[in-house]
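Down below is the structure, laid out as structure tokens.
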Amino acid sequence: MSNMKKKEVSPIELKKIVELRQFDTPWTEIERETKVERRIAKRAYDEWERDKKMKEQEAVRFRVAAEAFHEHINDLIRLAEALSNHLSLPIGPDEARSADQNISNLWQTSILEESPPYALSQADRIRQIRSNERLNLMMFKSLQSHTGEKLRWQALDEWKGAWDSCRGLFNNLKIEGRKDIMNILDKEPNLLQEIEKRSKKEDAIQRMARAMVHATWQSIVDNKFDPESPRVKVSYELVDRIVAIFAEKELNEKVIALCNDALETLLKEDNTLKWVKQLCDEVHTMRQATDELAKTLNRLVLYPIILNTKCDLCPA
């Protein structure tokens, strides 16, 4: 067996070989000019060419990965900002959505992809909604993975809990408000008959109770409600919007006065006042949670966090 070692081509020799070969110089001439046997020179050149291709491929992969990661970061930030902007307070006692349904409405929108510039069929629209939801939920999981140790996601759960608590309190107050209205109308049966007869909307009494809770909620949201001295008034505009104003001015005045009398009673009762105070607490909780999330879901905060962490969707 031969103990001869494979001859190594020096960097200077390889440089000369590559330069000559780039000009399609024949191997016999390369051998003559470099004093390197053409078989050895060809082997060194082939190795150099393979190494060059591998480095070029690595550079391409690195560039593609860098561009994909940049897009990944931007998608996560867009999703985070959409979530932060979406969080709000319930519209009031007519809020029909649970907190999860509210968030689900956001996930069903085109946050990361442009909506089609044309009207979709019903079937295509449903498919688009499902596609949006799958993509957004994947990205939300990715966002949580990146920020798990840096962002207090419990704030979102606190917002959800307060939102759902408000819906339950709204229902309780509407039920009690209706009772207070009926207690007053029991003493004025003619007024009850007149309201029911002239009302163009179904269940005017229920709508009056809603107006009472709306007025209370608006007072809380506007930071005007004082639990120690609760004074709330149902406005003409609120009755017009929710109950519907009647043709007779005198009847309208009676309805507004009735709502305010019932509301005064509602806010004096220990049980119902306790619910209203709880509404105040829930609003405070939601505002604290949304403020906290707005600060931590800001792009200036998220960018370095995402750069220094990794999730399953990060480009390799």
Is any side-chain heavy atom of [X] closer than 4.5 Å to a side-chain heavy atom of [Y]?
X	Y	result
Arg38	Pro26	no
Asp312	Ser142	no
Leu307	Ile73	yes
Thr296	Thr147	no
Thr216	Leu173	no
Glu158	Arg152	yes
Phe170	Ile175	no

Find the distance between [atom1] ([X]) and [atom2] ([Y]) and round it off to the nearest 0.5 Å.
X	Y	atom1	atom2	answer
Thr34	Ile12	OG1	CD1	12.5 Å
Asp203	Arg210	CG	CZ	9.5 Å
Glu176	Asp180	CD	CG	7.0 Å
Met286	Leu89	CE	CG	5.0 Å
Gln108	Ser104	CD	OG	4.0 Å
His86	Leu79	NE2	CG	11.5 Å

Provide the closest heavy-atom pair for [X] versus [Y] in the form atom of the first, atom of the second, distance.
X	Y	result
Ala80	Leu297	O-CD1, 3.7 Å
Phe69	Pro315	N-CG, 3.5 Å
Leu83	Leu106	CA-CD2, 3.6 Å
Trp163	Pro90	CZ3-N, 3.4 Å
Trp159	Ala289	CB-CB, 3.9 Å

Please report the C-alpha distance between Leu238 and Ser235 in whole Å, then the side-chain angles of each, then the deciding distance to 0.1 Å, and finally whether the side chain to side chain contact (heavy atoms under 4.5 Å, CB included) criterion is met.
-> CA-CA 5 Å; Leu238 194 57; Ser235 67; 3.3 Å; yes
Exam field: side chain [X] to backbone [Y], donor-acceptor pair closer than 3.5 Å:
X	Y	value
Thr272	Lys268	no
Gln57	Met54	no
Lys174	Pro93	yes

Using 4.0 Å as the upper bound for N to carboxylate O, is an ion pair formed by [Y] and [X]?
X	Y	answer
Asp226	Arg231	no
Glu237	Arg241	no
Glu95	Arg97	yes
Lys277	Asp270	no
Lys42	Asp46	yes
Glu49	Lys53	no

Is the number of heavy atoms from other residues, nucleotides or ligands under 6.0 Å of Glu149 CD greater than 12?
->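 Check fails, neighbour count at 12 or below.
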Met182, CE atom: more than 12 neighbouring heavy atoms under 6.0 Å | yes
Could you tell me whether the side chains of [X] and [Y] share a donor-acceptor contact shorter than 3.5 Å?
X	Y	value
Arg287	Thr285	no
Asp222	Gln218	yes
Asn308	His146	no

Show your working on side-chain hydrogen bond (donor to acceptor under 3.5 Å, both in side chains) between His214 and Asp94 and close with a plain yes or no.
-> CA-CA 9 Å; His214 261 290; Asp94 296 330; 3.0 Å; yes
Checking side chain to side chain contact (heavy atoms under 4.5 Å, CB included) for the pair Gln128/Ser110: CA distance, chi angles, key distance, verdict?
-> CA-CA 9 Å; Gln128 180 70 52; Ser110 299; 4.0 Å; yes
Please assess Leu14 against Tyr45 for the test side chain to side chain contact (heavy atoms under 4.5 Å, CB included), listing each intermediate value before the final yes or no.
-> CA-CA 7 Å; Leu14 178 61; Tyr45 179 79; 5.5 Å; no
Using the side chain to side chain contact (heavy atoms under 4.5 Å, CB included) rule, take Arg125 and Ile129 through it: C-alpha gap first, then chi angles, then the decisive distance, then the call.
-> CA-CA 6 Å; Arg125 192 173 68 82; Ile129 288 172; 3.6 Å; yes
Run the ring-centre check on Phe140 versus Trp153 and record whether the distance is less than 6.0 Å.
-> yes
